[in-house]
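Following: one structure in structure tokens, then a few remarks.
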Amino acid sequence: MKRLGAIALAALLYAAAAPPWSIDVLAPFALAPVLLVLRGDRPRVAFATGFALALLLGPALSSWMPAMLVRFFGVSWPLAVLATGTVYVVFGGVPFGLFGIGAARLLAAPRLAAYLGIPALWVAFEFARTHAFTGLPWEFLGHTLYRRLTVIQIADTTGVCGLSFLCVLTAVAVADLLQPHGSRRGAFAAAALVAAVWTGVGGYGRWRLAEWGGAPVDPMPVALVQANRAPAHETSPVTAAMTMNAYLRLTRAGLTPERTELIVWPENTAGFYLADDAMSVAPLTRLSRETGATLVVGGPRSEGENGPIHNAAYVVGEDGVAGTYDKVHLVPFAEYAPLGLRTLSGPAAVLAPGAEPHPLPHPRGPLGVLICFEVLYPDIARDLVAQGARLLVNIANDAWTDPAGVAATRQIFSMAVFRAVETRRFLVRAATTGISGVVRPTGELGPTVGAGVAEVIRADVGLAGTLSPYVRLGDAFAWACVLAALWLLAASRPAEAAA
């Protein structure tokens, strides 16, 4: 019962730290209960402990997921629950279980190895969850701190992994202090060092906030359009025309005579092959001439009559389509069939991925467009900025995921904040239904609008040209954690061997 209570408490602390609750002060302590019971565990028990934590944490973080599968795929509730459980096992149960084995081994090692190795091991598995199979970097421990502007500034060097490392480091110190056995003096000294690390991170954050804060220089006015329209299972010329007309009306009604240089519509709002259909693109070119703005809109793109179909973003100006970007990281089963698996049937599971990320043109400078879930993946945003993108633009269709805006969309937005800080770029987000809004390069939120609202957001954004350390170095910190965890695990000895 003690072990089950510790696992349940850890899952509760982690979930409460994440949106929608966002009691983020709990994040650094979330893993402490599990670390207390892992000490001395044999591998089988340690794996089961981590596995159980994942199976409790999955529903606590993403209870919305079965309903999303029912909405999108039209499957039965039992099948949706089974599919959700499979996701929990693959992306949570196995990594958490392996973390449990490694953490138990490191807890039996000298104190320094535990303090460095356990946070590094956690980061290594978060990094693996980002890239393994299709990748699912959903609401890591570091993401929960997205509102703590002072501490999240280190993400411009370490990525979100640096925040996760700090959280787990703190949990190790708390577990060490609560252990009934061991050196009290050593535990207090280690806790003092952990506090000093947080102080240093805060000092770095204050310096960066002073450097990047304030109004943008040479601002560009943008308009983000959220029409709050329900998604359609079957796209037809009639439904596509109705959606486009709704966005045209809302855009014209929401714009003032003031100058606008960029208008952003969400994913799938132009349901025509705009690059091949002059009649369909004509209303957008007229809107561009009326407003003097360049448009970014989402829609399908086909490579010829029998060619592959892409989920694309179009840049449209007064003279028509000026550029396209095809979504690179597709959603498995929803947009494509991974490894040929077709266990679920969705309305768009026949799409082809784009070749590689690349910026789209704009008169004021290149735009880095992230289509829907691509905003979860830091490497895509980093690649776009490295190629010259001066502004990040996220177009999304959250009406499938969380139409009420209760949890999923808030979690997505918390992760989007880190793309702005990591790259030191403004990020603007237009979703079919909330959250749409602006994130500044410091992670500070600009104007936003939630779910259930049809609105045009007006804001001024800056266009940066410098490259952050994270853009230059990539995932160097995460790779360092992988190597450190492997080395410390190899150098440590199980308790029975040490005896």
Side-chain angles (χ1 to χ4, degrees), residues 91 95 116 119-143 145-146 151-169 201 204-205 207-208 211-212 325 327-330 353-360 365-371 373-394 414-427 439 441-443 464-487:
F91 291 101
L116 293 179
L121 184 64
W122 180 267
V123 167
F125 280 112
E126 284 192 342
F127 191 49
R129 287 165 58 199
T130 303
H131 298 284
F133 190 39
T134 63
L136 188 61
W138 192 273
E139 204 58 47
F140 291 162
L141 260 177
H143 288 134
L145 300 177
Y146 75 103
V151 298
I152 69 173
Q153 301 310 310
I154 64 165
D156 74 351
T157 301
T158 66
V160 70
C161 292
L163 279 303
S164 294
F165 186 97
L166 282 176
C167 287
V168 181
L169 179 65
V201 168
Y204 178 82
W207 171 52
R208 282 304 198 187
E211 182 180 17
W212 285 93
Y325 163 71
K327 187 177 182 181
V328 172
H329 202 294
L330 300 177
E356 60 182 1
H358 62 86
L360 290 177
L367 307 174
V369 178
L370 302 157
I371 300 179
F373 274 22
E374 286 186 326
V375 79
L376 273 60
Y377 299 90
D379 56 317
I380 300 178
R382 189 179 67 235
D383 287 348
L384 290 168
V385 170
Q387 293 179 56
R390 302 185 67 194
L391 172 70
L392 293 178
V393 179
N394 179 214
S414 73
M415 294 178 272
V417 166
F418 283 89
R419 304 297 85 83
V421 180
E422 289 162 352
T423 61
R424 293 302 183 189
R425 293 294 186 271
F426 271 84
L427 182 146
V439 183
T442 58
T466 58
L467 300 183
S468 69
Y470 182 73
V471 173
R472 295 178 183 276
L473 300 175
D475 290 308
F477 178 81
W479 279 113
C481 286
V482 172
L483 295 176
L486 291 174
W487 181 75

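All values below were derived from every heavy atom in this structure, side-chain atoms included, with hydrogens, water molecules and symmetry-related copies excluded.
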Practice problem: Please report the closest heavy-atom contact between G142 and L163, naming both atoms and the distance. | Solution: CA-CB, 3.6 Å
Quiz item: Under the side-chain contact (heavy atoms from CB on, under 4.5 Å) criterion, do W487 and L116 qualify, and how do the steps go?
Solution: CA-CA 11 Å; W487 181 75; L116 293 179; over 6 Å; no
Quiz item: So which heavy atom on G443 is nearest to which on I152, and how close?
Solution: CA-CD1, 4.4 Å
Show which side-chain atoms of residues 376-385 pair as donor or acceptor with protein atoms under 3.5 Å away, not counting sequence neighbours.
{"residue": "Y377", "atom": "OH", "partner": "G135", "partner atom": "O", "Å": "2.8"}
{"residue": "R382", "atom": "NH1", "partner": "Y470", "partner atom": "OH", "Å": "3.1"}
{"residue": "R382", "atom": "NH1", "partner": "D475", "partner atom": "OD2", "Å": "3.3"}

Quiz item: To the nearest 0.5 Å, what is the distance between CZ (F373) and CH2 (W138)?
Solution: 4.5 Å
Exercise. Might you point out which heavy atoms bring P366 and P359 nearest each other, and give the distance in Å?
Key: CB-CB, 3.7 Å
Self-check item: Candidate list L391, V393, V375, V417, test side-chain contact (heavy atoms from CB on, under 4.5 Å), partner L427, passing option
Solution: V375
Exercise. Measure across G365 and R390 and return the closest heavy-atom pair with its distance rounded to 0.1 Å.
Key: CA-CD, 4.1 Å
Self-check item: Inter- and intrachain pairs under salt bridge (Lys or Arg N to Asp or Glu O under 4.0 Å), touching residues 121-130, at least two apart
Solution: none
Quiz prompt | Donor-acceptor contact present, side-chain H143 to main-chain A416, <3.5 Å | solution = no
Quiz item: Say you draw a straight line from OG1 of T442 to CZ of F426; how long is it, rounded to the nearest 0.5 Å?
Solution: 8.0 Å
Self-check item: Which atom of V160 lies closest to which atom of A155, heavy atoms considered
Solution: N-CB, 4.4 Å
Practice problem: Look only at the side chain of Q387 and the backbone of P357, and say whether a donor-acceptor pair between them is shorter than 3.5 Å. | Solution: yes
Quiz prompt | C481 vs F165, side-chain contact (heavy atoms from CB on, under 4.5 Å): CA-CA, chis, key distance, verdict | solution = CA-CA 9 Å; C481 286; F165 186 97; 3.9 Å; yes
Quiz item: What salt bridge (Lys or Arg N to Asp or Glu O under 4.0 Å) pairs are there with at least one residue in residues 418-427, not counting sequence neighbours?
Solution: D156-R424, R419-E422
Quiz item: Which heavy atom in W212 sits nearest to a heavy atom in P441, and how many Å separate them?
Solution: CE3-CB, 4.0 Å
Exercise. May I have the step-by-step check of side-chain contact (heavy atoms from CB on, under 4.5 Å) for V421 and Y146, ending in yes or no?
Key: CA-CA 10 Å; V421 180; Y146 75 103; over 6 Å; no
Quiz item: With a 4.5 Å limit on heavy-atom distance, are the side chains of E139 and S414 in contact?
Solution: yes
Quiz prompt | Between CZ on residue F125 and CZ on residue F140, distance to nearest 0.5 Å | solution = 12.5 Å
Exercise. With side-chain contact (heavy atoms from CB on, under 4.5 Å) as the test, would you mind laying out the steps for L166 and I154 before giving the verdict?
Key: CA-CA 11 Å; L166 282 176; I154 64 165; 4.0 Å; yes
Quiz item: Is there a side-chain contact between L473 and W479 (heavy atoms, below 4.5 Å)?
Solution: no
Quiz prompt | Ring center gap for Y325 and H358 short of 6.0 angstrom | solution = yes
